[in-house]
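For reference, the structure is listed below as structure tokens.
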2 protein chains.
Amino acid sequence: MIPELSSGFRSIVAFPLPQKDLQAYIEKVNSYYHFKVASHHSTLGFVLPFVAEVFARYPGWELNSNSTPRTLTLNAGNTELSRSALVASTLADICAQKHFAVISKWRNELKPAYGPTGEVLFSMERAAVTLLGIVSYGIHMIAYTRCAETDEPKLWISKRSKTVAVYPGLLDNCSLVREAHEEASLPADLVRANAKACGTLSYLHSRNARAGGEIGLLQPDVHFLFECELPADVEPKPFDDEVEWYQLWDIEQIKEGLRMAKFKPSFALVMLDFFVRHGVLNEGNEKDFVEICARLHRTLEFSVGGVTFAQRDSEAKI
Amino acid sequence: MIPELSSGFRSIVAFPLPQKDLQAYIEKVNSYYHFKVASHHSTLGFVLPFVAEVFARYPGWELNSNSTPRTLTLNAGNTELSRSALVASTLADICAQKHFAVISKWRNELKPAYGPTGEVLFSMERAAVTLLGIVSYGIHMIAYTRCAETDEPKLWISKRSKTVAVYPGLLDNCSLVREAHEEASLPADLVRANAKACGTLSYLHSRNARAGGEIGLLQPDVHFLFECELPADVEPKPFDDEVEWYQLWDIEQIKEGLRMAKFKPSFALVMLDFFVRHGVLNEGNEKDFVEICARLHRTLEFSVGGVTFAQRDSEAKI
């Protein structure tokens, strides 16, 4: 059922679950280098061996191939600034040498790597985050209206412009407050009044061909979810060139879109959780219901505490 | 934050998470006997060693202490009937011998043990389910109204009668349809029209003194969640002697009740998930927000597919 329902699901079930197959999990976890920052105990990400070996050619990066698990450690002083500077210079050369396809599209956007209590350990170019496998944080908002007769929700779906850096042309959600204004021309006050926090998603995404770049890079994702019920007469409209159009889709159209893999994978998962919260998916019509709910809220191997919306909102752009 | 917020949470964080401490997890998992049914591969529950040893004294139960993990296997024919009969006779004697405090309160209510595709492998006395550590399924419904001025939800809370078998006197939720009628005198049509499925909870509850019976018995729980917004003029009233009273509590009263451990543990978790879905708990006010969401949707070591509400509704009583 799960793969039929959503192509987005396939990329989050690739990594074995320890509760289901402990041996496969241990082997998988030990097949990666565990990325750490010197004098910090916790693992920040899982790195593919051929990626770790490239980083280890640069000063400030230490490879330990004799430990279990094997480790890649960033040893570049004890401040956010000193670490960020070293990561930046390393990535600049890695990019110039064209080592990895995934950073061929430089985004010029910094993303933070957080420590166990939500402190920023360093920041790095967004396109390269997945090389080190550190947690990405995102915000998703679903804007919807209710059918006056049936009370069934209909969702506003956007089509990503063919010129955006990632997942061009795929279908996506609305954005939040500032972005809702910039991208969807929605009145900011209306969105602020109606948008409600409604949970999280957390999963370990294993990047496939569709995501672009190297296959098998791991991307642990955390999304903070919001939903916003809009009056029937409010209609999001493209404001800039990141969105081609907005359309109001009913549940059947969305199910078909999921089956046909028309959605950006993370948005497919956001919609599955919407379906769960609103009773569209339930134990009566989906035999893997409990497993779907658990898969959408995976305990990650990495610290995810203390990171707040305010922190992320102050980043260049979400 | 988590333990402060809810005593119910303490009992579900006692079992280590493999993603957080793999070594502790492996040791814990291997400290139990894994309960299986002959000619079925999957593990149905984790059993404390001193419990497994008592079962192994009876015919039809096989202990293997030389494997890793150690196993307790029910070998009683290949039908639901033959297995149920053997379990019943074993439990009758175990109860008569007063081996375990947890079955001192015989419930006279059968609960099914499900196989990987939701088929019933056998049924057993409800009070004894936790001895074998098999998955318990439950249904929870939160009945709430919205404050006309602030739109903030207020929840109907029930006080369990002092005479019910488990968690007497603790605070609980409303029940679903038939129970809503029987226990809360709510019109069945109203509940049926307004009750909406809104997800699941899954967790591994480690029984403590408060639950009664032996300490450390494991209880993997799956709850199917429903919520029902009621008009302000509808008021649940006790119908039989299982409920002492119903009261409408606002969010602050509930938070205080959670801190003071006034709620039945599973209901505390049901309310946490309500808080998550309705934005009461969010990343801005709870540093462990992502972890709470993951903990409430734990991947269980046991099959949970294919079990539906209809199946459980046909059981004696939920």
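Note that the coordinates shown come from a computational prediction; the quantities given were computed from them, not determined experimentally. Just so we're on the same page: letters track the sequence lines, and every chain starts at 1.
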Contact class of [X] relative to chain A, heavy atoms under 4.5 angstrom:
X      : value
B:T299 : both
B:L300 : backbone
B:V290 : both

What residues, two or more places apart in sequence or in another chain, satisfy salt bridge (charged side-chain N to carboxylate O under 4.0 Å, His left out) together with [X]?
X      : result
B:E229 : B:R146
B:E149 : none
B:R298 : B:E301

Practice task
Considering only heavy atoms, give the residues of residues 14-26 of chain B separated from chain A by less than 4.5 Å, sorted numerically, with 'none' for an empty result.
Solution key: B:L17, B:P18, B:Q19, B:K20, B:L22, B:Y25, B:I26
Practice task
Compare every heavy atom of B:C293 with every heavy atom of A:T200, then report the nearest pair and how far apart it is.
Solution key: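 Of all heavy-atom pairs spanning A:T200 and B:C293, the closest is OG1-CB, 3.1 Å.
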Exercise for the section: Among B:A197, B:G279, B:G305, single out the residue with the greatest number of heavy-atom pairs under 4.5 Å to chain A. Expected result: B:A197
Problem - Euclidean distance, A:K196 NZ relative to B:N282 CG, rounded to 0.5 Å - result: 12.0 Å
Practice task
Find the distance between NE2 (B:H278) and CZ (A:R277) and round it off to the nearest 0.5 Å.
Solution key: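 That separation rounds to 10.0 Å.
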Problem - Max heavy-atom pair count under 4.5 Å with chain B, selected residue of A:S303, A:S202, A:S42, A:C198 - result: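 Max contact count across the listed options: A:C198.
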